Amino acid sequence: MSVRVRFAPSPTGFLHIGSLRTALYNYLFAKHHGGTCILRIEDTDRTRLVDGAIEEQISSLAWAGVVFDEGPHVGGNYGPYTQSERFDLYRTYGMQLVDNGTAYYAFDTSEELDAMRQRQQAAGIAPKYDRSSMRNQYTLGEQETARLLADGAAHVIRLKVPLTTDVRFHDEIRGDVVVNGREIDDQILLKSDGFPTYHLANVVDDHLMEITHVIRAEEWLPSTPKHVLLYEAFGWNAPTFAHVPLLLNPDRSKMSKRHGDVMVRDFAAKGYFPDALVNFVALCGWHPGGDNEKFSMEDLIAAFSLERVNKAGAVFDYKKLEWMNGEYLKSRDPHELATALMPTLEQRGFVYIEPSFVADVITLLRERVTFLKDIAEFGDYLFGDTLCELTSDQIATITGNESVLAALRAFHAGFSAATLTDEATFKAHAQASAEQAGIKIGAMMKPLRLVLSHRDVGADLYRTLQLIGAERCSQRLASFLS
RNA sequence: GCACCGUUCGUCUAGGGGUUAGGACACCGCUCUUUCACAGCGGUAACACGGGUUCAAUUCCCGUACGGUGUACCA
């Protein structure tokens, strides 16, 4: 049987980084096994829908390289892939359970349910639907139930959980899990608005779409027994379950904003490379063994297995992610990077710049920054002639010492395009200029850098001057010295 | 509260009955260097605790502690 997995988000907002990882694991698992990866939209909570969320999530996923073989946007033989378009299906299947005695009608109002929970809390017992005292098919009797239904009374369908039998299932990551029936609530399957809850819709769709492996976040582990019960009630075989560990905040709670970016689009906007993010996030909770940490999508697909997914949650380390991004920045082809940087440069007003020049600048500066777009800022003195303001400290560094100024004048005086033909010539000229003013070459370099770039730090000066070009260097020296 | 899941350096992790417990990020130091970086070299730093089982346990079992998740007509 070929592998079929699904990623099933709710369109309630932007794509969360944790969701990306769950989607990624599904994708990797499917591709590793030559299987099918499906996108299904779980929009059964009509109150939480967010406009445009589906499109945003799909595009965030696509940005990261997670694409689907089936889904609302690409079609497939198991559609529709949006649950609201499968509305009638769930009622039909829900009724099937009522008919076979594994689910039942209940008529309680939310106030009555609240009161029940309060009573239970006061009595110190776990809040759970009390089938024997609430208003449902069993306490009301068949006749009254039929009458209420005929009157169109608001009602829900609840799962009839066996009172004391153990529910057991195997999780690929966690092993065998056993939960006693008395711990499991009579979950609502069909809400009074006619929509299914997650649990019903999820099980029905996973079965109908022939899902073989349910790979989802650990937060679903506690409700899995309900799903197992549902499969049994329908007489269906349950898929294989695999609950992946959570992504965590530094305080080890479930990852959320507050501690940093959590939406995939935030990472994209910040300038992370999609493959760096994917590489990093794949390694949060999974490791193929060995010392390698760089994995392309192809590598990940080849290496991925559920057996090597960890059990414990992983704190999301933004620092290490930055390092990872830097690694990608350093290993990428400069010409490709130049193309990617062009829009940013244009935004900053640097137009008519040769891509090959940009590539040279990237090669020169990329070891010093984390993000590609940082180069537009960090190398502004290379791209344009409007330099940032010098601080008073910086001015003092240059003009505070008469010898330094003398060295700069000497440097300027003998400076020409020929000075930059090779590094030795440049060095010799700088050396001579410093000596003439009676200072060491080291004492002149920083002031020289400041005059030409208005920055304290930067790349190797010889290469920097070369890229600025002899003419612009001369102009900058002249305008400062005058 | 109850249920479930988890616990190797600060963080991500490798490992696995006998190891100097390995790597990476971060941090510190050194080297290189006109600066900042990069790179190279080196360093600090971990098997939560208590019982078993065993010749031997960080590794297997059981408890405890701690943490997380769940406990909705949300997913």
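Note that this is a predicted model, so its numbers are computed, not measured. When reading the values below, keep in mind they use all heavy atoms of this one structure, side chains included, and skip hydrogens, waters and symmetry mates. Per chain, numbering begins at 1; letters A, B, ... match sequence-line order.
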Check: Is the NZ or CZ atom of Lys373(A) positioned over Phe371(A)'s six-membered ring, under 6.0 angstrom from the centre and within 45° of the axis?
Finding: yes

Next item on the list: Establish, with yes or no, whether the OP1 or OP2 oxygen of U35(B) is under 4.0 angstrom from a side-chain nitrogen or oxygen of Arg455(A).
Entry: no

Notebook entry, point to check: Taking the side chain of Ser10(A) as its heavy atoms from C-beta onward, which of C38(B), A75(B), U13(B) lies nearest to it?
Noted result: A75(B)

Next item on the list: Choose from A72(B), C38(B), U69(B) the nucleotide whose nearest atom is closest to any side-chain atom of Glu367(A).
Entry: C38(B)

Check: Under 4.0 Å: is that the gap between some side-chain N or O of Lys191(A) and OP1 or OP2 of C74(B)?
Finding: yes

Next item on the list: Determine the Euclidean distance between corresponding C1' atoms of G50(B) and A65(B); express it in Å to zero decimal places.
Entry: 10 Å

Margin query: Tell me whether Lys330(A) at atom NZ has more than 12 heavy atoms from other residues, nucleotides or ligands lying less than 6.0 Å away.
Written below: yes

Notebook entry, point to check: Nearest of A75(B), U13(B), C73(B) to any side-chain atom of Leu113(A)?
Noted result: C73(B)

Note to self: Check this one for me: any side-chain N or O of Lys254(A) less than 4.0 Å away from OP1 or OP2 of G70(B)?
What the structure shows: yes

Item checked: Between U11(B) (C1') and Glu322(A) (CD): distance, integer Å -> 14 Å

Item checked: Integer angstrom distance from the P of C55(B) to that of A46(B) -> 31 Å

Next item on the list: Pick the C1' atom in G17(B) and in C61(B), then give their distance to the nearest Å.
Entry: 13 Å

Next item on the list: Measure the OG-CZ distance between Ser256(A) and Arg258(A) for me, rounded to the nearest 0.5 Å.
Entry: 8.0 Å

Note to self: Nearest to the Leu246(A) side chain among A26(B), G68(B), G23(B), which nucleotide is it?
What the structure shows: G68(B)

Next item on the list: For A14(B), take OP1 and OP2 only and decide whether either is under 4.0 Å from a side-chain N or O of Asn310(A).
Entry: yes

Check: Once you round it to whole Å, what is the distance between C1' of A3(B) and CG of Leu229(A)?
Finding: 15 Å

Notebook entry, point to check: According to a strict under-4.0 Å criterion, is Arg252(A) in side-chain N/O contact with OP1 or OP2 of G10(B)?
Noted result: no

Next item on the list: Could you tell me whether the side chains of Tyr318(A) and Glu322(A) share a donor-acceptor contact shorter than 3.5 Å?
Entry: no

Check: Given the P atoms of U35(B) and C30(B), what is the spacing between them in whole Å?
Finding: 14 Å

Checklist line | Among C5(B), A75(B), G6(B), the nucleotide that comes nearest once only the side chain of Ala312(A) is considered | finding: G6(B)

Next item on the list: Choose from U13(B), A75(B), G6(B) the nucleotide whose nearest atom is closest to any side-chain atom of His287(A).
Entry: U13(B)

Checklist line | Distance between P atoms of G1(B) and C9(B) (Å, rounded) | finding: 26 Å

Notebook entry, point to check: Could you state the CZ-C1' distance from Arg182(A) to U71(B), rounded to the nearest angstrom?
Noted result: 16 Å

Check: Given atom CD of Glu377(A) and atom C1' of C36(B), what is their separation to the nearest angstrom?
Finding: 15 Å

Checklist line | Listed nucleotide nearest any side-chain atom of Asp291(A), set G22(B), A75(B), U69(B) | finding: G22(B)

Margin query: Using a heavy-atom cut-off of 4.0 Å across all strands, would you classify Arg366(A) as base, sugar-phosphate, or nothing?
Written below: nothing

Check: Within the structure shown, what part of the strands sits under 4.0 Å from Asp456(A) by heavy-atom distance: base, sugar-phosphate, or nothing?
Finding: base

Next item on the list: Sticking with atom P, work out how far C12(B) lies from G52(B), rounded to a whole angstrom.
Entry: 32 Å

Item checked: Selection from G23(B), C2(B), G70(B) that lies nearest to any side-chain heavy atom of Glu183(A) -> C2(B)

Check: Can you find a donor-acceptor pair, distance only, under 3.5 Å between Ser192(A) side chain and C73(B) base?
Finding: yes

Check: Taking the six-membered ring of Tyr129(A), is NZ or CZ of Arg158(A) closer than 6.0 Å to its centre and within 45° of its axis?
Finding: yes

Item checked: Arg117(A) vs C73(B): side-chain N/O to OP1/OP2 distance below 4.0 Å -> yes

Check: Tell me: CD of Glu307(A) to P of A14(B), nearest whole Å?
Finding: 14 Å

Check: Taking the six-membered ring of Phe273(A) as reference, does the NZ or CZ atom of Arg332(A) fall below 6.0 Å from its centre and within a 45° cone about the axis?
Finding: yes

Next item on the list: Report yes if at least one side-chain N or O of Thr44(A) is closer than 4.0 Å to OP1 or OP2 of A75(B); otherwise report no.
Entry: yes

Check: If you measure from the C1' atom in U54(B) to the same atom in G18(B), how many Å do you get, rounded?
Finding: 12 Å

Note to self: Using only atom types and a distance under 3.5 Å, with no angle test, would you say the side chain of Thr102(A) pairs donor to acceptor with the backbone of Val98(A)?
What the structure shows: no

Check: If you measure from the P atom in U8(B) to the same atom in C60(B), how many Å do you get, rounded?
Finding: 13 Å

Note to self: The side chain of Lys311(A) is closest to which nucleotide in this list: G23(B), G6(B), U69(B)?
What the structure shows: G6(B)

Check: Choosing from C73(B), U34(B), A75(B), which nucleotide comes nearest the side chain of Leu461(A)?
Finding: U34(B)

